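Structure first, then comments.
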Amino acid sequence: MFGERTRNLHVVGTVLMAGSLILGLTACGGSSSDSVKVGLITKTDSNPYFVKLREAAQAQADKDGAKLIALAGAFDGDNEGQVAAIENMVGQGVKGILITPNSSTGVLDAIKKARDAGVVVIALDTATDPENAVDATFATDNKAAGVSQGKWVKAALGNAAPQVVMLDGTPGGTVDTFRHDGFLEGFGITNDSPEIVGRENTNGDQTKAQTAMENILQRAPGINALYTINEPAAAGAYQAIQSANRAAQITIGSIDGSCTGIADVKSGQIGATVLQFPAKMAEQGVQAVVKFAKDGTKPSGFNDTGSQLVTDKPVPGLESQDTAWGEKNCWGTASK
Amino acid sequence: MGRKELLGHSQQMTTGAPATATPSVSSRFNVGSILREPLLGPLVALVIAIIIFSAVSDSFLNPQNVSLILQQSVVVGILAVGQTLIILTSGIDLSIGAVAVFGTIVMAQSAGANGPVVALGSTLLVCVVFGAVNGGLVTTLRLPPFIVTLGTFTAIQAATRLLAGSETYRVEKGPLTFLGTSFRIGSFSTTFGVVAMLLVYLVMWYALSQTSWGKHIYAVGGNPQASNLSGIKSGRVLFSVYVTTGVIAAIAAWAALGRIPNADPNAYQNANLETITAVVIGGTSLFGGRGGVGGTLVGTLIVGVLRNGLTQAGVDNLYQNIATGILVIVAVAVDQFARRRSQ
């Protein structure tokens, strides 16, 4: 069926295939050393939050003389990519894995297999469900962060009758639930309160948040308070609110602490935000793994890396920092 | 071209060796016939990849890592068999991953209330129905498979999200996670999912090379008009291929829950493209009528080895995608040149 020429073509083809493999490998060294291997698996590669996490982990690993292997899911919500990453890391002989799980439940079996193999597994930023499926969690107390946002928004409304809209993130992640419930607690309402006039999921995405806000403004024109899961959602919602000329009437709260978000607080788009400390999570995580490798002590429990309310409009009775402080402590780069 | 090439295909199938005009030129097992074997290219690429990666990373050839590569290839590997069948008929199936994911949701949801047998049965039924829908639209309405499966892909993905209600469903350990259970052969540990994948390949290889159904598939893909003229009912053959792919998707759904016992509507979003990659790298022609599941198995392994090896070498996910993309272009280009030369 194939003649002489096609046989040669097959050989040429395989050489080209091999060439593309080598192309893929040119960027790496690949020599193994005796230093402690620490694995980091973030949700994605592209979100500046996780970039900051990775950079801080790399810096701490360099300080402690450890080797950081950083992998990520392919998109926000990619569970299989993270499961494969855990398996690969265990095969490479890591002492510990730091993970921000895309799915708080879907990754549990892979984590269990890793722990059974003697690898210490630490959740960063997002807890697993149940929380004790990992050895320890280093994260923001997202509930406390939500409470701060709720208290500030309530106080900023003053005497106006609240009409609240909640823009949530992605269902299935503990971060989403904790921030939401914390806001309710800080504000002093429940999910069934009549003050809540609208609620939508945005996956924490700016474009989806804009569309959701546009739709909500159509059916609830009287809103004056907005809870957002994160700053990209707040930015998207603000676009919709500004197009509807309602920016002066709506108080917006958010959580994250990105430099873009802090800039939005400074310019007045967002009323207040709650800063997280991803660098602390990464540093403490790496330190815990290195300690485990040295003397076998495992970290445990929930370790709150803290959160800080940042606003230029402080309210009495609620401790906060201003945006100048925010600019010094934010993560990511300010971009518009 | 035309009937002659069609008959040439049939002869290939029955004799199992390259057709030779005069017996004195070459005997069956000489180097020439080996070099002309279409699997050679992909196999050489696989071997080269393994050699390169084992040089870069000393844990690459560990039994655990080899087992891991196989396990990570199971779901896409099984789906790729269905994709091979459809590509052999010069079609393409963009919905194959979405059908399997829908199947996992059905399986997880019905398991709670109705037990494993009903769960497996409903999944099979649902996947076969989707396959039949694809097949029906392609054969009766004569719509191009790309368009049909693009439409069903979009619709089924949305239906999956509606069915799952944006939640994920855990599956209890039991018959439904059976394909994830591991067992040892000596010191080598593997899962029943890997066994299932290899069985699917074996069964399909037999069907394609030894049965008349298989020959008809090659005929319809290679030259539909000629096959119609020689009495093959291409409509029925095509429909049966799409339904078979539905069955294969159901098996893949079962294997997926074995690997990760959590039915997730976000899972396997790119499985359709990954199966096409495996089929094309394995040497099956996108224009139908040439190739087979053996090549697809090699293609699946190449992709699995590539991903695992590049991950171990610390190469970023995005560069991995670039490497895979280049591989696909090279494979299609080789196929194109081979096609033109043989005319």
Side-chain angles (χ1 to χ4, degrees), chain A residues 1-25 27-32 44-46 69-81 83-85 87-93 102-110 170-172 201, chain B residues 8 12 18-19 35-36 38 40-42 44-45 48-49 52-53 56-59 62 64-65 68 71-72 166-168 170 259-262 264 266-270 281 290 302 306-320 322-323 326-327 330-331 333-334 337-338 341-342:
Chain A
M1 183 150 74
F2 292 120
E4 177 94 11
R5 290 195 192 123
T6 55
R7 187 226 323 151
N8 288 337
L9 276 168
H10 278 300
V11 176
V12 169
T14 62
V15 171
L16 282 175
M17 283 189 209
S20 66
L21 290 171
I22 296 173
L23 175 80
L25 284 174
C28 54
S31 60
S32 63
T44 62
D45 266 340
S46 45
I69 302 173
L71 297 172
F75 54 89
D76 193 306
D78 174 18
N79 185 45
E80 287 100 82
V83 167
E87 293 169 337
N88 284 331
M89 282 176 176
V90 172
Q92 289 183 62
N102 269 318
S103 166
S104 296
T105 49
V107 75
L108 294 180
D109 295 277
T170 311
N201 284 326
Chain B
Q12 286 286 55
L35 281 181
R36 254 171 266 147
L40 179 71
V44 169
I48 290 178
I52 293 178
F53 288 124
V56 168
S57 162
D58 30 330
S59 53
N62 284 347
Q64 303 98 297
N65 195 48
L68 197 60
Q71 285 176 51
Q72 290 173 350
S166 306
E167 279 180 41
T168 63
R170 278 199 73 74
R259 176 155 161 69
I260 302 177
N262 197 47
D264 183 353
N266 284 328
Y268 299 109
Q269 285 182 4
N270 294 326
I281 291 177
R290 201 174 68 223
I302 289 178
L306 193 68
R307 288 223 171 261
N308 182 290
L310 288 177
T311 304
Q312 296 227 359
V315 174
D316 193 76
N317 198 30
L318 298 173
Y319 286 106
Q320 292 183 24
I322 292 178
I326 293 176
L327 217 52
V330 167
V334 168
F337 283 127
R341 296 288 192 194
S342 69

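Since the structure is predicted, the reported quantities are computational estimates derived from the model, not experimental observations. The sequence lines fix the lettering, A, B, ..., with proteins before strands; numbering per chain opens at 1.
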Subject >> Residues forming a side-chain contact (heavy atoms from CB on, under 4.5 Å) with Asn62(B), sequence neighbours excluded >> reply: Ser59(B), Gln64(B), Asn65(B)
Original post:
Which atoms of Asp264(B) come close to chain A, meaning under 4.5 Å heavy atom to heavy atom: side chain ones, backbone ones, both, or neither?
Top reply: side chain
**OP:** Please name all residues satisfying side-chain contact (heavy atoms from CB on, under 4.5 Å) with Thr311(B), sequence neighbours left out, ordered by chain then number.
**Re:** Leu71(A), Asn88(A), Gln320(B)
**OP:** Taking the side chain as every heavy atom from C-beta outward, state whether Arg259(B) and Gln72(B) have any atom pair closer than 4.5 Å.
**Re:** yes
**OP:** Look at Ala72(A), Ala84(A), Gly93(A) and state which one has the largest set of heavy-atom pairs under 4.5 Å with chain B.
**Re:** Ala84(A)
**OP:** Pick whichever of Asn79(A), Asp45(A), Asp109(A) has the most heavy-atom pairs under 4.5 Å with chain B.
**Re:** Asp109(A)
**OP:** Could you tell me whether the side chain of Val107(A) reaches within less than 4.5 Å of the side chain of Val83(A), counting heavy atoms only?
**Re:** yes
